[in-house]
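Working notes, beginning with the structure itself.
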There are 2 protein chains.
Amino acid sequence: MLTIGQLARYVGVSTKTVRVYHAKGLLPEPERDSSGYRRYSADAVVELVRIRMLADAGVPLARIRELGSTPEELADALQQIDAGLTARIKGLRDTQRRLRKLAAGEIRILPANVEEHLAGLPALGFTDRWIAMERDLWIIVYATHPDLADTLFQDQAQSLTDPDLRNLYLAADHAHDLDPDDPALIELADRIVAASIQRYGTEPPGSDADPAIPDLLQNTLNAASPGWQRLDSLIRSRMADAGFTLRTTSDDSHDG
Amino acid sequence: MLTIGQLARYVGVSTKTVRVYHAKGLLPEPERDSSGYRRYSADAVVELVRIRMLADAGVPLARIRELGSTPEELADALQQIDAGLTARIKGLRDTQRRLRKLAAGEIRILPANVEEHLAGLPALGFTDRWIAMERDLWIIVYATHPDLADTLFQDQAQSLTDPDLRNLYLAADHAHDLDPDDPALIELADRIVAASIQRYGTEPPGSDADPAIPDLLQNTLNAASPGWQRLDSLIRSRMADAGFTLRTTSDDSHDG
DNA sequence: CTTGACCTTGCCCCTAGGGCAATGTCGCAC
DNA sequence: GTGCGACATTGCCCTAGGGGCAAGGTCAAG
């Protein structure tokens, strides 16, 4: 008869594995010899090979234990396991495909149409710096307001088809490099506020949802350059004068 | 800015997962707001997506942490991971193939030639009972003496090509159903011992290695029927008389 | 003011075993 | 009979990648 080591070596597992299977009730404890060693018959080999085959297929041991009753439900279970394997193979292939995209730098975090929109911005004259900021902005908008984000994005994308609005955005982009005291910032702020009122009235889309979005924009801009910080400040004061419903958060909880 | 829940939902993981990644140093701890909540920027989303992509590919978290230094060694690592994925897909497909064999009952525990030998026995007139016994026997021989087993098996397979020997084995098979007192058993034992001496002299192959194999045969036979038990007993006493080197184990350590 | 949905940390649980310790046993060599 | 190396026994702690719960703090709404 076989010792635990012989059994384990023949099937290609460790003795520990065999003991674990005993402890979990997968493999019945065999008789012990006079010194307390386990002694296995050939049946144990067959059973252990069966268990290993299923375990290699990723079947949890607890499920393997439940498995062995009637032949038809065993066949059923085997079919399920087979289907699970097929699914896992497909999943791994998908992962591999995505991983290759990651290696190629084509990582996709935003919806495809947003990525396309961002990809089209350089041709319109926007700086990489502005595009990066917009990208971060959309990531956070989609994360915080998945329901509103598409609407907001459609509006934004559509507004760039208007040459006047597009020029305003371009001007805001390049305001990054302006001195905070440059009077051009004042003029730009006036034009932006006027265009906003013309487009939205005093109730911009999403403003009733959460102050996080304008706040976020503010913080992103402020952190980037003194020029943008000044521009943002000017826009806010002018919008408040115009009766815009911008609930400003006054606490320090959104610093960063 | 994002709370941990928003970040987790957007990327499709649990908040616990994000905290684990902080604890393991995979994702830097973000700033806290005034109430101690973590506040994430868009960078964290990008980083978390990257981590999840690698983790989904089965890369251990500890390795993901080491990963991000220079671009060329990152590309190298990605290629290794890709190769690992390919290997795992292949492994799963192999598993699936073996599992289907298991479902079809074509499970392979013994070497292919032994299985073929066993598969040929019914056509020679052996009973299923005998074949099952021989199968168990070979499993244990291959497990306990992988070095000798092939030699022993070749000898056994070759001996069946001799019609006289084959008839002896067939007679032993059918002795299962004989009464222990049947005189045919005595005659059969005599013929078996004579044939053994003619084939091997008094030193059968493997007998110098371990008493386990004849013991095993003995126990298997004895457990099966009174007829076989009597036959075994007769053979042993005659072989001992003939000076056969059968070291009999007298202790009780191989019961079962 | 309460309620429910969040967030915080800390703790134990899981799988499928690996690895170690302390101890007992086997078979071989001296 | 003594020693040695290989093997066996049980029990305990460890791993990765979280899950789930407890006990508490926070936030916005009714």
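Proteins come first, then strands; the chains are lettered A, B, ... in the order of their sequence lines, and each starts at number 1. Basis for what follows: all heavy atoms, side chains included, without hydrogens, waters or symmetry-related copies. Everything numeric in this text was worked out from a predicted model, so none of it was measured.
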I'd like a table of donor-acceptor pairs (distance under 3.5 Å, sequence neighbours excluded) in which one partner is a side-chain atom from residues 106-113 of chain B, with atom names and distances.
none

Just to verify, what does [X] make a salt bridge (charged side-chain N to carboxylate O under 4.0 Å, His left out) with, not counting sequence neighbours?
X	result
A:Glu134	none
B:Asp43	none
A:Arg52	A:Asp56
B:Lys24	none

ring-ring contact (aromatic ring centres under 6.0 Å, His included) pairs, two or more places apart, involving residues 1-57 of chain B: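 As it turns out, the ring-ring contact (aromatic ring centres under 6.0 Å, His included) pairs with a partner in residues 1-57 of chain B, which skip direct neighbours, are B:His22-B:Tyr40.
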A:Gln79: side-chain contact (heavy atoms from CB on, under 4.5 Å) partners, not counting sequence neighbours: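 side-chain contact (heavy atoms from CB on, under 4.5 Å) list for A:Gln79, sorted by chain: empty.
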With sequence neighbours excluded, residues passing side-chain contact (heavy atoms from CB on, under 4.5 Å) with A:Gln6: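 Once residues adjacent in sequence are excluded, the partners of A:Gln6 under the side-chain contact (heavy atoms from CB on, under 4.5 Å) criterion are A:Leu2, A:Thr3, A:Arg9, B:Thr144.
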Pairs flagged by salt bridge (charged side-chain N to carboxylate O under 4.0 Å, His left out) wherever residues 80-91 of chain A is involved - sequence neighbours left out: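 Of all non-adjacent pairs touching residues 80-91 of chain A, those that pass salt bridge (charged side-chain N to carboxylate O under 4.0 Å, His left out) are A:Asp82-B:Arg100, A:Lys90-A:Asp94.
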[X] vs [N]: side-chain N/O to OP1/OP2 distance below 4.0 Å:
X	N	value
A:Thr17	C:dA16	no
A:Arg63	C:dT15	no
B:Ser14	D:dG19	yes
A:Arg52	C:dG17	yes
A:Tyr21	C:dG17	yes

Spacing between [X] atom [atom1] and [N] atom [atom2], to the nearest angstrom:
X	N	atom1	atom2	answer
B:Leu48	D:dG18	CG	P	10 Å
B:Asp56	D:dA16	CG	P	18 Å
B:Leu26	D:dG18	CG	C1'	13 Å
A:Met1	C:dC26	CE	C1'	18 Å
B:His22	D:dG18	NE2	C1'	15 Å
B:Leu2	C:dC7	CG	P	11 Å
B:Ile64	D:dA16	CD1	C1'	11 Å

Mind listing the N/O atom pairs, protein and nucleotides 6-8 of chain D, below 3.5 Å?
residue, atom, partner, partner atom, Å
D:dA8, OP1, A:Thr3, OG1, 2.9
D:dA8, OP1, A:Gly5, N, 2.5

Estimated bend of the helix from C:dC1-D:dG30 to C:dC30-D:dG1 (axis per five terminal pairs, rounded to 10 degrees):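 If I round to tens, the end axes sit 20° apart.
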Atom pairs, protein N/O to nucleotides 10-14 of chain C N/O, distance under 3.5 Å:
residue, atom, partner, partner atom, Å
C:dC11, N4, B:Lys16, NZ, 3.3

A:Arg63/A:Glu66 ion pair, N-O < 4.0 Å: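 Salt bridge absent between A:Arg63 and A:Glu66.
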Pairing of A:Arg135 and A:Glu115 as salt bridge, 4.0 angstrom limit: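 Salt bridge present between A:Arg135 and A:Glu115.
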Side chain of B:Ser35 (C-beta onward), nearest among D:dG17, C:dT15, D:dC27: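 The listed nucleotide nearest to B:Ser35's side chain is D:dC27.
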Close side-chain approach of B:Leu61 and B:Arg65, heavy atoms under 4.5 Å: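 No, their side chains stay 4.5 Å or more apart.
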